[in-house]
Every structure is written in structure tokens, then in C-alpha cells.
2 protein chains.
Amino acid sequence: MSELSTKQSQIIEFIRDFIDEKDYPPSIRDIQFGCGISSTSVVDYNLRRLEEKGLLRRDREVSRGIELLEGRRRRGTVDIPVLGSIAAGQPIPVPTSDRWASDVEDTVTVTEEMVRGHENVFALRVKGTSMIEDLIDDGDIVFLEPATTAADGEKVAVWLQDRGEVTLKRLYREKDRIRLQPANSSMPPIYADPDNVSIQGRFISSIRPIG
Amino acid sequence: MSELSTKQSQIIEFIRDFIDEKDYPPSIRDIQFGCGISSTSVVDYNLRRLEEKGLLRRDREVSRGIELLEGRRRRGTVDIPVLGSIAAGQPIPVPTSDRWASDVEDTVTVTEEMVRGHENVFALRVKGTSMIEDLIDDGDIVFLEPATTAADGEKVAVWLQDRGEVTLKRLYREKDRIRLQPANSSMPPIYADPDNVSIQGRFISSIRPIG
DNA sequence: TCGCCTCGCGAACGGATGTTCTCTCTTAGT
DNA sequence: ACTAAGAGAGAACATCCGTTCGCGAGGCGA
């Protein structure tokens, strides 16, 4: 029932290739000649079957009104703004709910899986190896979601007011201070007054540029 | 000269939105009504200007034969076959020059930057923490390119014939043996006879699934 | 003022294109 | 063998749609 005849998979294949090459869908006669079919009605017939099977969508009465549903796989990418470098001494303007402004210096494109389920994700370039034992190296790009709170032990980007810098660390609450723990046994933790620490974002994932 | 008139950027905008929504380009009359223009010839006129400026490409005499050049941003993704797990005791069929066979259990989609400049890239799931100090953790997915040789110190996937297993290590040639060095100071290196080692692939990059 | 160019309007032409109708041909069920 | 359904061929039709042509309104330098 949901088997595809040779002709039908050939048509699907042809449409995919056609769009790949030309960036617009083929007309029925394009398909006809491209697949060596002898009549437009045969193409129409099979297109209807394919539509019933949910493999494509057609806009009636519209030329080239064919949309491959299954081919929607690609385009599963998101552009993430790189707001700056972390632990570089610069304050980071965390994006508000509306999309980031236009002053973004750079963006990285990643597949949606890298930030799945998170909103308003932004990215920062990591300087230094303070999180090396959490497998975050110098030069990596980390993805964060805006947050103002965090559970103990979470990796967060925090703004240290007195130092005027943003850094990525694991955050632990102690009696009357906050401990920012590097993941690098050669580096001591930073202790800070709670009033001096403001959480900017929560770690989601990271990538390492090739090379 | 290369400025865009209000109408022209409006048209570009409309085309982009139209394609975004319908997945096929608008006809000239779609643009006409969508932009509140009173004549098809005006659309045609501006489309020619936009084509001259290199912002789009038109296929003459073809309905909806409009292709946005600038909108090519997305689609920069590649599907990489995940051939199995590494250090899991199973031999890995390295893909030949023709595209991998159909028995691929899984694929991951990544942006082209992750494998830039490499051919026939395949992926493996990492089991264990033997490369932890090279920032490759248990559960990571590594990307490799087929290779049969490697320079000293390179991270390679090697097939150990007597153990019947594939493992990811740094490779060093010593007098009459090969040293496979884990990046984990709690693990000893593996020494093997050169005849017993066959290199399967060279490390390119890795990603870590979210969570 | 006179060309010349840019930009826009409206209409008409002809090819492109989706739809539909009528016929075959084959296959499976009875 | 008869019939119904699936698949296809061929042609006709009605739009859809890109192109072109004539006309006009401004702007600009000579």
C-alpha cells in the first residue's frame, strides 16, 4: 500500500535533483521528459499518489506548485550569534527576547540538535583552558541560553562586576559566598560575593573549530 | 549604482518570504500583488535590475524561474554515516570511494565546517574515555576520513587484528613496533606489531551530543 | 528646450503548464 | 470469462505566466 512503484521513486528522485540544481520545482512536463514518461497525465496520476502517501504537497492550479515534504531534512540549521569572547574582559550584551540586534560581529551555523529545546541561544568564544577538564578548550565555541539562576554545579557564564569580566565556570553556592570552580586542577577557584556575581547564561553545548 | 530602491528590496524580501513559506518561487504576478505593484512589467523591470546586481538568477521563459543567490546560506549541511562504535569490538567497514552502502545504521547531520576539505568522511561513536585528555569523551561522535597512513602523533582509528577490535588512539612508530597512545594518563599505551595494525581513518573533528 | 535615461503603467501575445476526458492494457478477484 | 481497479497514453482546454510594446512622468546634462 505504501510501497513506491519504480516510476514513483524515480519521480521523487528527479524532483529532488531538479530542485537541488535549479532551486525551483519542476513543472509536470519537466518531470515527464526527465523521467521519460509519455504523458503528462501519467505524471499527474503518480503525483496524486505521492501526495496521498504524504511524500509531497501540491498547490493546485499553480505552476511548479510542488513541495517535497521529506526533503525538508536539510535546512535544520540555526544561526547563532557569537557575542564575543568569554574571559576576555568585555561585558557581554545578553540578547533580550527579541532577536539579537544588528551589532553582532559574527554568527555560527549549527544543526538544530546542538541547541535543541533551548531559546535565544547565543555563543561565545572561549579564551583559555580553565574548563579543560570539562572538555572545553581554548578556542572552542560554547552555546549558552540566557539565564539568571543556576543549580549548584552547573556551568554558567557569570559577570563579575568588580573585575569587569565575564567568565565560564561551574557555580557553587557556599555559606555567604559563591564559588566559581574552574575545571582545571591547576587553577584555584574564584570566591565572590553574591552581589558581585550575575549569571548571564547557562551552558548548553560546545563545538571545536576544525584544525 | 549598486543601491537598492525601496521597491527592489521589497521585492527581494517578498521573494524570500514566499519561498520560505511555500518552498517554490513566486510568479511575477505573485510578486506584483504581494508588493502592491500595478503592472507585471514593473516587476520584470526590477527583476532585471536585481539580476544585473547579482542578487538573483532568472531562467528565461520558465515560470517561477527565479533563484535567490544570496539566500543560499542554509543548506550548508552534510549527512555523515555513523558506521558503528569505536573500541566496541566490531570491525568497521570503511566506505569506499562510491558513497557508503545502504546498510548504514544511522547518520548525523552537521554543518560543512565540521568536515571542511575532507572527502568520504564517516563517523563513529566513542565508547570509553581513553582519549579524554584530547577532549574526546565517552559518547562523543568522531569524524574520520579514510586513511591508511598517518604521521607520528596523529589521532587515528586503527584495526587491531589479533584483538579483533577498532580503537581510536594517537599513533607513534617505534623501532620495530607501533605504540598506540591513549590520551588518558591512567591508561597504558598499547604496543603492537606493525603487521597487526591497519589504519582505518584519520581524526578530523568531534561533536558531543547535547545533555 | 531638447534629447536621454530611469521608473512606472496597462494591455496584449504566445508559450508554458496544470487539469481533465477518453481510450487502452494489464492484473487480480469472482 | 467478466469486472473492477491500477497504471498509462494522447489530446484538448483553460489558465497561468513571462515577455514585449507603446505610452507617460520625472530628472538631468547640454
(request) Take the protein atom CG of A/Leu56 and the nucleotide atom P of C/dG18, then report the distance between them rounded to whole Å. (result) 13 Å
(request) Rounded to the nearest angstrom, tell me the gap between atom CG in B/Asp44 and atom C1' in C/dT6. (result) 15 Å
(request) Measure the distance from CD1 on A/Ile31 to P on C/dT17 and round it to the nearest whole Å. (result) 11 Å
(request) Grab the two heavy atoms, one from B/Pro26 and one from B/Phe14, that are nearest each other, plus how far apart they are. (result) CB-CE2, 4.1 Å
(request) Using the closest heavy atom to pick a nucleotide of DNA chain D for each, name whichever of B/Pro26 or A/Arg49 lands nearer the 5' end. (result) A/Arg49
(message) Please determine whether a side-chain nitrogen of the Lys or Arg among A/Arg170 and A/Asp134 lies less than 4.0 Å from a carboxylate oxygen of the Asp or Glu.
(response) yes
(request) Please report, rounded to the nearest Å, how far the P atom of C/dC21 is from the CZ atom of A/Arg48. (result) 10 Å
(request) Could you pull out all residues at least two apart from A/Pro194 that satisfy side chain to side chain contact (heavy atoms under 4.5 Å, CB included)? (result) A/Ile178
(request) Could you tell me whether A/Lys22 and B/Glu67 make a salt bridge, using a distance below 4.0 angstrom between a side-chain N and a carboxylate O? (result) no
(request) Could you check how far CZ of A/Arg60 sits from P of C/dT17, rounded to whole Å? (result) 19 Å
(request) Quickly work out the B/Gln8 CD to C/dT6 P distance and round it to whole Å. (result) 12 Å
(message) For C/dT17 and A/Ser27 - does any side-chain N or O of the residue sit under 4.0 Å from the phosphate oxygens OP1/OP2?
(response) yes
Under 3.5 Å, which donor-acceptor pairs do the side chains of residues 31-43 of chain A form with other protein atoms, sequence neighbours left out?
from, atom 1, to, atom 2, distance (Å)
A/Gln32, NE2, A/Ser38, O, 3.4
A/Ser39, OG, A/Ser41, N, 3.1
A/Ser39, OG, A/Ser41, OG, 3.0

(message) With heavy-atom distances below 4.5 Å as the criterion, would you say the side chains of A/Val108 and A/Ile141 are in contact?
(response) yes
(request) Name all residues meeting the side chain to side chain contact (heavy atoms under 4.5 Å, CB included) criterion together with A/Gln161; count only those two or more places apart in sequence or in a different chain, and write none if there are none. (result) A/Trp159, A/Asn196
(request) Summarise how protein sits on nucleotides 10-15 of chain C as a single string, 5' to 3': B when a protein heavy atom is under 4.0 Å from the base, S for sugar-phosphate-only contact, - for no contact. (result) BBB---
(request) Walk along DNA chain D from 5' to 3' and tell me the first and last nucleotide with an atom closer than 4.0 Å to a non-hydrogen atom of chain B. (result) D/dC17 to D/dC21
(request) Write down the distance between CD1 (B/Ile28) and C1' (C/dG8), rounded to a whole number of angstrom. (result) 15 Å
(request) Check side chain to side chain contact (heavy atoms under 4.5 Å, CB included) between B/Arg58 and all other residues, then give those that pass, not counting sequence neighbours. (result) B/Ile28, B/Asp44, B/Leu47, B/Arg48, B/Glu51, B/Leu56, B/Ile66
(message) What is the separation between atom CG on A/Asp59 and atom C1' on C/dG18, rounded to the nearest whole Å?
(response) 12 Å
(message) Could you tell me if the side chain of A/Ile199 sits less than 4.5 Å from the side chain of A/Leu171, heavy atoms only?
(response) yes
(message) Does a side-chain N or O of B/Lys7 approach OP1 or OP2 of C/dG8 to a distance below 4.0 Å, or not?
(response) yes
